[in-house]
Amino acid sequence: MSSEYNPQTLENAIQKTWDENNTFVVTEDPNKEKFYCLSMFAYPSGNLHMGHVRNYTIGDVISRYQRMLGKNVMQPMGYDAFGLPAENAAIKNKTAPAAWTYSNMDYMTNQFKQLGLAYDWSRKLATCDPKYYKWEQYIFTKLLEKDLVYRKDATVNWDPVDQTVLANEQVIDGRGWRSGALVEKKTIPQWSMKITAYAEELLSEIDSLDGWPESVKTMQRNWIGKSKGIELDFEVENYNEKLSVYTTRPDTLYGVSYLAVAPEHPLASKAVNQNPNLQDFLNDCKKEQSNEAAMATMEKKGMFSGFHAVHPFTGKKVPIWIANFVLFSYGTGAVMAVPAHDERDFEFAKKYNLDIQQVIESHDGTEIDLTQQAYTEKGKLINSGEFDGMNFSQSFKAIKYKLEQEGIGRQQINYRLRDWGVSRQRYWGCPIPIIYCDDCGTVPVPEKDLPVVLPEEVTFDSDGGSPIKKMSEFYNVLCPTCGKKAKRETDTFDTFMDSSWYFARFANPNNDEQVLDETANYWLPVDQYVGGIEHAILHLLYARFYHKLLRDLGYVTSDEPFTNLLTQGMVLKDGAKMSKNKGNTVDPRALIDEYGADTVRLFSMFAAPPEHSLEWSDEGVDGSFRYLKRIWTNIENFTQNNKIIAKIVQDDLTADQKAMRLKTHETIKKVSDDFGVRKIFNTAIAACMELTNALVKFNDDSNNGKSIIHEGWEAIVKMLSPIVPHITQELWHKLGNEGLIVDVKWPTFNEKALVKDELQIMVQVNGKLRAKINVSANADKEIVEKTALGDENVQKFTTGKQIRKVIVVPGRLVNIVVV
RNA sequence: GCCGGGGUGGCGGAACUGGUAGACGCGCCGGAUUCAAAAUCCGGUUUCUUCGGAAGUGCGGGUUCGAUUCCCGCCCUCGGUACCA
């Protein structure tokens with residue numbers, strides 16, 4: 001009697017076995033090679049969605065594969081538990097964010113277990129747990145000592161109706177998402193991290209990240225945006241300070257026709273005093289969005305400030321404008337404008353009728369039409385006095401030298417990267433461990449008083465304002481230094497602070513004595529990090545930065561946190577991102593109930609390569625389920641009828657047996673490459689399916705035949721076990737084996753079984769396929785060429801024509817070029 | 001706007017280093033089994049075709065004996081754009 005494939009019963013039983021045996025709990029083992037596999041931890045939104053399923057299955061497959069290679073694998077999971085959605089849910093449901101978050105985490109942990117993910121749950125952590133964020137606060141105070149954090153004014157989105165600060169996400173078309181009021185910029189003091197102090201290292205070490213996708217590395221390089229330029233000072237008439245500008249194109253200095261400063265620049269404030277008409281313009285600028293996309297696409301607007309600068313070399317007077325597109329936070333907050341050779345300056349000059357003076361010649365010396373667009377390429381200088389005729393690098397040096405001689409300019413390396421503002425005026429986050437005392441100033445909370453615990457029993461107002469800002473019992477404290485009455489900081493940390501170091505804390509999540517102990521250097525760096533491509537810049541850059549901070553604080557010895565990075569694409573339905581609004585979500589729970597976790601895992605891995613987006617298909621899930629039933633039934637039938645398996649002797653095999661065995665070992669080779677090198681699983685599954693088809697078709701009752709079939713099934717079961725761990729565990733037993741398949745060695749291919757006697761060669765005439773010929777595997781070029789030319793169908797295309805050339809690609813193809 | 005991806009049959013995708021375009025799966029069509037259905041199994045399935053072939057990998061060019069793959073210029077689409085995570 002054969003048994004039915006019943007995934008629910010099977011999966012429950014096997015998950016119970018793993019649980020009872022602590023199969024995935026790991027400790028440091030100096031005798032084994034370690035492998036730390038980490039999938040980006042989850043935001044506890046309430047339910048696992050398909051994006052999670054995919055992300056975590058990928059990590060799980062890699063973990064289980066590495067374990068079969070004999071490594072000591074750690075795969076932990078936790079929760080990125082602070083954040084905005086909990087506050088939104090709190091306002092909506094009138095519950096505290098903490099209660100909502102904790103219940104979501106419980107529910108999701110169960111879902112994780114149902115998926116059969118091989119996590120070491122003894123290491124579970126949550127960022128909203130004081131046991132975790134105590135150390136985040138501690139690190140912050142250490143960084144304050146090292147002068148790596150500081151307080152400065154920074155801009156936020158201010159909703160004037162709700163009287164709250166809004167996240168960029170909460171600003172829709174320039175209006176607050178609840179109130180609908182026009183959002184204003186507001187400047188308040190905030191804490192910043194000096195990531196720019198690490199800009200050079202963050203940039204240069206990208207080169208050492210061989211296990212990262214090129215696209216992510218390029219994005220990070222561009223984000224850091226290192227540039228070499230000149231900072232130079234202009235004298236300003238009737239203004240007692242010089243105006244410094246930063247430019248990467250000093251070669252165009254003679255083409256400067258105006259300067260432009262940001263609306264926040266001190267010169268702009270000075271200008272208002274003399275010309276009140278400017279006030280309206282500056283007020284308008286305040287209402288504009290400050291995010292990068294808006295800045296880049298908005299209409300370029302400006303007003304003449306009333307001031308003139310003096311060109312350092314020509315002595316010419318150039319007007320200074322106030323312009324909405326100049327960033328106060330980049331460079332000096334002021335630019336020199338050369339409309340002839342910069343698109344944006346050109347657009348602005350056209351609009352306001354400002355001079356356009358050509359100072360760069362075209363490559364071939366032909367006339368450039370500067371009435372339609374700027375000429376932005378580099379070239380020889382003209383109209384530039386003593387610098388005429390120089391190229392870019394010559395003029396850069398010469399102009400730099402002259403500016404230095406006159407003491408009005410210097411070479412400057414600039415980064416697009418800005419320091420990281422970490423203050424948030426929100427409730428559900430890690431409290432910033434600072435106390436403000438009238439006498440002692442800014443005082444960090446001493447270690448003995450950490451953690452500063454976030455009160456969890458709070459009620460939320462509909463305006464979305466942070467409850468702790470109204471809780472005197474929270475913010476009224478005594479100064480730790482002098483003991484007088486003082487005020488606690490009520491802002492919380494950006495949640496990126498929480499997620500920038502969790503990967504390290506997983507080494508010792510339950511250590512209440514230290515941030516990190518010696519186990520951190522056993523496990524770190526993470527060998528494989530898996531997560532969404534949407535984190536390519538911010539999270540991954542902050543985490544790299546934090547790892548260097550931890551290194552410089554003496555906790556870790558490595559320079560980079562993630563050796564290999566896999567960025568998975570999104571899960572789509574009907575071509576769009578799944579979302580509740582669109583009503584195109586697929587609930588993993590319902591699918592697991594219907595098909596079992598293995599089917600869901602198999603489909604997630606089969607439908608697309610990890611890095612691509614994945615189009616969800618209900619029919620496709622059916623197909624995956626069908627495949628599992630197919631191997632179940634076939635192995636069941638095979639093992640029922642064939643008990644004795646003989647040892648295979650390659651030389652005794654018939655041609656058909658050799659061919660079958662070749663397929664098995666070719667598949668092992670291909671799948672090993674897919675798992676270990678390419679990290680692509682859809683093709684590995686396809687190869688296993690091909691092997692399955694071949695085994696089903698292969699009818700051979702001889703002892704050798706049975707052994708070859710057994711070998712094939714066993715290979716499939718092992719190779720699929722990281723992807724579908726439950727069913728393969730059971731099939732492993734059916735094939736006559738004991739124990740847990742998680743600890744079985746990954747299969748290896750047999751070189752002898754891979755030897756082919758005959759090869760199939762494609763024959764093309766003028767690049768078009770005309771024949772397929774079989775030649776002996778050791779046939780030389782001449783024989784291959786002769787066989788190709790002698791082929792009947794080939795001759796139909798060659799007779800009566802002159803053969804000009806014959807290209808033979810060994811083992812692959814012959815191309816005959818005729819005229 | 002800028003930075004980084006992606007675009008191949010009816011659909012998801014394969015082709016790994018420039019060498020058989022469409023592996024594998026879904027769907028569909030036909031057959032077997034069944035009283036019937038479900039399930040299962042077997043076969044077919046890019047398009048056009050005068051059945052010789054011809055065309056074909058977002059669009060337009062180029063390099064090459066040969067291009068999905070390399071180069072140039074576009075179009076569409078997705079991710080990020082510093083307070084969503």
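Lettering of chains follows the sequences in order, A, B, ..., and the numbering in each one begins at 1. Computed from heavy atoms alone, side chains included, the values below leave out hydrogens, waters and symmetry copies.
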> Under the 3.5 angstrom rule, does the side chain of A:Asp791 hit a backbone N or O of A:Ala771 as a donor-acceptor pair?
Replying inline: no
>> When you measure from the side-chain N and O atoms of A:Arg344 to the phosphate of B:G1, is any distance below 4.0 Å, counting only OP1 and OP2?
In response: no
> What about A:Gln425: does its side chain form a donor-acceptor pair under 3.5 Å with the base of B:C83?
Replying inline: yes
> Which letter, B, S or -, goes with each nucleotide of nucleotides 4-18 of chain B from 5' to 3', with contact meaning a protein heavy atom under 4.0 Å?
Replying inline: SS------BSSSB--
> What string of B, S and - do you get for nucleotides 61-68 of chain B, 5' to 3', when a contact is any protein heavy atom under 4.0 Å?
Replying inline: ----B---
> Do the two ring centres, one from A:Trp420 and one from A:Tyr198, sit under 6.0 Å apart?
Replying inline: no
> Do A:Gln220 and B:C3 have a side chain to base donor-acceptor pair shorter than 3.5 Å?
Replying inline: no
>> Could you check whether A:Glu299 pairs with A:Lys351 (Lys NZ or Arg NE/NH1/NH2 to Asp/Glu carboxylate O, under 4.0 Å)?
In response: yes
> Does A:Lys768 have a side-chain nitrogen or oxygen under 4.0 Å from the phosphate oxygens OP1 or OP2 of B:U20?
Replying inline: no
> By side chain to side chain contact (heavy atoms under 4.5 Å, CB included), which residues pair with A:Glu214, not counting sequence neighbours?
Replying inline: A:Lys217, A:Arg221
>> Can you confirm if the aromatic rings of A:Tyr502 and A:Phe41 lie within a centre distance of less than 6.0 Å?
In response: yes
>> Would the distance check show the side chain of A:Asp342 and the main-chain N or O of A:Asp345 forming a donor-acceptor pair, the cut-off being under 3.5 Å?
In response: yes
>> According to salt bridge (charged side-chain N to carboxylate O under 4.0 Å, His left out), who are the partners of A:Arg770, at least two apart in sequence or on a separate chain?
In response: none
>> Donor-acceptor pair, distance only, cut-off 3.5 Å: does the side chain of A:Thr492 make one with the backbone of A:Arg426?
In response: yes
> For RNA chain B, what is the dot-bracket line, given that a base pair needs Watson-Crick (N1 to N3, plus N6-O4 or O6-N4) or G-U wobble (N1-O2 and O6-N3) geometry with both distances under 3.5 Å, and | means paired with another strand?
Replying inline: (((((((..(((......[....)))((((((.......))))))(((....)))..(((((..]....))))))))))))....
>> Just to verify, what does A:Lys679 make a side chain to side chain donor-acceptor pair (under 3.5 Å) with, not counting sequence neighbours?
In response: A:Gln528
> A:Arg418 near the nucleic acid: base, sugar-phosphate alone, or nothing, with a heavy-atom cut-off under 4.0 Å?
Replying inline: base
> Reckon A:Asn693 has a side-chain N or O less than 4.0 Å from the OP1 or OP2 of B:G25?
Replying inline: yes
> Between A:Lys629 and B:A39, is there a side-chain N or O to OP1/OP2 distance below 4.0 Å?
Replying inline: no
>> Parallel, tilted or perpendicular, judged at 30° and 60°: which one describes the rings of A:Phe82 and A:Tyr133?
In response: tilted
